[in-house]
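Scroll down for the structure; my scribbles are underneath it.
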Protein chains: 2
Amino acid sequence: MKIDHDSPADYSAQIASAIRDSIVEGRLIVDERLPSEAELSEQFEVSRPTVREALKRLAAQSLIRTQRGATGGAFVNRLSYEAAQAQQITTSTLLLSMNAVSFETACEARFTLERACAPLSAQRRSADHLASMRAEIHRQGQPGLTDEAFCASDVAFHRALVDGAGNPVLSYQLAGAVEAMQPLMNMITFTARDRARIIALHESIADALEAAEAEKTAAALTALEAETQALARDVFAARAAKP
Amino acid sequence: MKIDHDSPADYSAQIASAIRDSIVEGRLIVDERLPSEAELSEQFEVSRPTVREALKRLAAQSLIRTQRGATGGAFVNRLSYEAAQAQQITTSTLLLSMNAVSFETACEARFTLERACAPLSAQRRSADHLASMRAEIHRQGQPGLTDEAFCASDVAFHRALVDGAGNPVLSYQLAGAVEAMQPLMNMITFTARDRARIIALHESIADALEAAEAEKTAAALTALEAETQALARDVFAARAAKP
DNA sequence: GCCAATCTAATGTCAGACAATTAGATTTCC
DNA sequence: GGAAATCTAATTGTCTGACATTAGATTGGC
């Protein structure tokens with residue numbers, strides 16, 4: 001492993017790339033220990049701080065973890081579903097907030113993906129998932145709930161729906177889509193009547209899943225999407241009218 | 001912005017978190033310039049190398065970019081769809097390769113998500129998307145194509161299908177699901193007969209999209225999923241039988 | 001007024017040092 | 001002889017101070 005000392009790119013970026021490739025392509029396996037920083041700096045013919053910057057880049061992506069002490073060092077990290085989801089959510093949230101993505105587009109994407117889970121979830125959801133969903137529905141009906149808390153509960157409800165599909169890869173993929181919508185949803189003010197309609201739709205979703213009816217679940221999700229889109233249109237129209 | 005000098009966590013990690021939060025929560029907006037490294041090291045009361053490690057962590061997530069020169073510095077980066085997709089793909093690929101995810105689970109997730117795109121894609125796909133799909137189908141029929149190239153073309157075909165839905169958020173979300181399957185697909189050896197069956201299904205998908213028939217598209221995708229799963233089962237069974 | 005040389009502020013890199021942490025080896029005491 | 005305490009070595013985390021490199025801003029000459 002060498003780097004190009006004539007390349008315009010930073011050494012630390014090159015080194016990080018080289019190591020990342022080794023991991024992705026399997027030359028470095030999970031839990032394997034990388035050479036110490038001193039050894040790496042010799043191998044790549046750069047100073048230790050430069051190597052360290054490269055390692056920090058990899059640590060930021062959860063590709064490695066570091067440990068201090070005698071038998072310490074940098075180890076190839078097993079990327080857990082948890083860590084991957086967290087990254088997904090951060091990336092998705094930023095993508096939406098920084099690119100003036102319309103509420104409509106994001107909402108469409110989210111509900112399209114959720115509808116995809118409906119058949120699997122109707123077939124496989126456990127009693128636990130149903131219980132979670134019912135609990136969130138109950139919470140959503142509590143008086144005095146802030147809009148933010150209402151949205152958070154909405155997200156929890158939908159994540160239970162997705163998890164019900166019993167496919168961890170699917171859960172991971174959808175985490176970003178569901179969670180990243182929350183900041184957008186938080187821009188909406190929900191009247192009591194709005195909440196009642198949403199809760200009713202949540203109930204019909206939970207009922208359909210309990211009855212293992214995929215079609216009805218998908219239909220209810222479509223209705224909820226329409227409701228959400230209409231709500232957002234009204235809010236944004238009102239805001240545009242009198243700023 | 002201060003850090004906790006008594007915390008067990010690395011300073012550089014704390015600093016990176018503090019700045020990341022500022023970006024996510026909108027206190028730092030796109031293209032805004034961060035204080036110089038020297039100023040940051042004063043603010044946080046740490047040395048410059050420590051600040052630099054923190055900045056490299058953020059750069060690894062494409063949250064900031066740095067520029068040298070007199071008016072240089074670190075700037076909040078607009079997270080582009082491209083960069084976000086690239087991250088998504090890396091994360092998804094690693095997640096699958098490191099967690100012994102079964103072919104079955106990954107394949108199910110991928111096709112479930114793709115089926116979700118079928119209605120939108122049938123409605124909105126442009127001539128360009130159809131042309132891309134036809135071109136990939138043609139390539140897949142070429143004799144002498146390696147298995148790897150066949151898989152790559154398969155991925156390109158499916159990405160065209162997803163892009164046809166005309167929702168960039170959806171395209172971004174699915175990029176990971178589609179691309180991360182490639183290494184798993186590459187473990188399969190495709191006989192001429194296998195390829196012919198897959199190509200026929202690709203053609204029926206393209207036909208259905210051209211005719212704007214959402215149901216048929218979804219059905220063809222389901223058939224392709226069944227075909228792929230069967231193929232994988234055979235390959236893995238044969239490999240288990242005589243290692 | 002325009003162009004080239006210079007200035008300047010910022011990041012990129014280096015060298016060397018010390019502190020903190022931790023596992024394992026060694027020693028000491030019972 | 002065994003267990004607890006201590007020591008040692010390896011490694012990461014951090015600091016200081018310096019120099020190199022880059023690219024915009026400034027200034028001077030014509």
Side-chain angles (χ1 to χ4, degrees), chain A residues 1-20 22-23 28 31-77, chain B residues 1-20 22-23 28 31-77:
Chain A
M1 287 205 294
K2 284 272 168 68
I3 58 171
D4 179 6
H5 279 259
D6 294 329
S7 155
D10 302 351
Y11 295 162
S12 70
Q14 287 185 54
I15 295 170
S17 278
I19 298 177
R20 178 164 34 240
S22 292
I23 296 174
L28 290 170
D31 291 336
E32 188 171 337
R33 185 179 172 282
L34 273 70
S36 72
E37 295 176 355
E39 285 169 324
L40 284 173
S41 62
E42 268 185 42
Q43 271 186 40
F44 286 113
E45 297 174 336
V46 298
S47 71
R48 213 186 122 211
T50 304
V51 167
R52 281 181 61 78
E53 287 181 8
L55 293 180
K56 293 309 164 195
R57 295 176 110 112
L58 299 174
Q61 298 180 304
S62 313
L63 286 175
I64 61 169
R65 62 177 184 280
T66 55
Q67 215 175 355
R68 285 171 50 158
T71 59
F75 297 84
V76 178
N77 211 3
Chain B
M1 287 205 294
K2 284 272 168 69
I3 58 171
D4 178 6
H5 279 259
D6 293 328
S7 157
D10 302 351
Y11 295 165
S12 70
Q14 287 186 54
I15 295 171
S17 278
I19 299 177
R20 177 164 35 241
S22 291
I23 296 175
L28 290 170
D31 290 336
E32 186 170 339
R33 184 178 172 283
L34 273 69
S36 73
E37 295 176 354
E39 286 168 323
L40 284 173
S41 61
E42 268 186 41
Q43 271 186 39
F44 287 113
E45 298 176 334
V46 298
S47 71
R48 214 186 121 210
T50 303
V51 167
R52 280 182 62 77
E53 286 181 8
L55 294 179
K56 293 308 163 195
R57 294 175 111 108
L58 299 174
Q61 297 181 305
S62 310
L63 285 175
I64 61 170
R65 61 178 185 279
T66 55
Q67 215 174 354
R68 281 166 64 151
T71 58
F75 298 84
V76 178
N77 211 3

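- One interatomic measurement links the two molecules: CD of B/E37 to P of D/dT22, which rounds to 16 Å at whole-angstrom precision.
- Formation of a donor-acceptor pair under 3.5 Å by the B/R33 side chain with backbone atoms of B/G72 is found in this model.
- By the side chain to side chain contact (heavy atoms under 4.5 Å, CB included) test, B/E39 pairs with B/P35, B/S36, sequence neighbours left out.
- The salt bridge (charged side-chain N to carboxylate O under 4.0 Å, His left out) search around A/R52 returns A/E37, B/E53, not counting sequence neighbours.
- Partners of A/S41 under the side chain to side chain contact (heavy atoms under 4.5 Å, CB included) rule, at least two apart in sequence or in another chain, are A/V51.
- Dashed line: the shortest gap from a side-chain N or O of B/T66 to OP1 or OP2 of C/dG12 is under 4.0 Å.
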Protein-nucleotides 20-27 of chain C N/O pairs under 3.5 Å:
| from | atom 1 | to | atom 2 | distance (Å) |
| --- | --- | --- | --- | --- |
| C/dA20 | O4' | A/R68 | NH2 | 3.2 |
| C/dT21 | O4' | A/R68 | NH2 | 3.4 |
| C/dT21 | O2 | A/G69 | N | 3.4 |
| C/dT22 | O2 | A/A70 | N | 2.8 |

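- Within a heavy-atom distance below 4.0 Å of DNA chain D, no residue of residues 52-65 of chain B is found.
- Looking at A/R48, its side chain has no donor and acceptor atom pair within 3.5 Å of the base of C/dG16.
- Remark: A/R65 pairs with A/D31 by the salt bridge (charged side-chain N to carboxylate O under 4.0 Å, His left out) rule, at least two apart or across chains.
- Applying the side chain to side chain contact (heavy atoms under 4.5 Å, CB included) test to B/Q67 and every residue at least two apart in sequence or in another chain returns B/F75.
- Distance CZ (B/F75) to C1' (C/dA10): 10 Å, rounded to an integer number of Å.
- Contacts of A/T71 classified as side chain to side chain contact (heavy atoms under 4.5 Å, CB included), with partners at least two apart in sequence or in another chain: none.
- Among the nucleotides C/dT11, D/dT14, C/dA10, the one closest to the side chain of B/R33 is C/dA10.
- Evaluation of the side-chain hydrogen bond (donor to acceptor under 3.5 Å, both in side chains) rule for B/S17 yields no partner, not counting sequence neighbours.
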side-chain hydrogen bond (donor to acceptor under 3.5 Å, both in side chains) evaluation trace for B/Q61 with A/R57 = CA-CA 8 Å; B/Q61 297 181 305; A/R57 295 176 110 112; over 6 Å; no
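- Look at CG on A/D10: it is 19 Å from P on D/dA20, rounded to the nearest Å.
- A straight line from CD of A/E45 to P of C/dT13 spans 15 Å, rounded to a whole angstrom.
- OP1 or OP2 of C/dG12 has not a single side-chain nitrogen or oxygen of A/T50 nearer than 4.0 Å.
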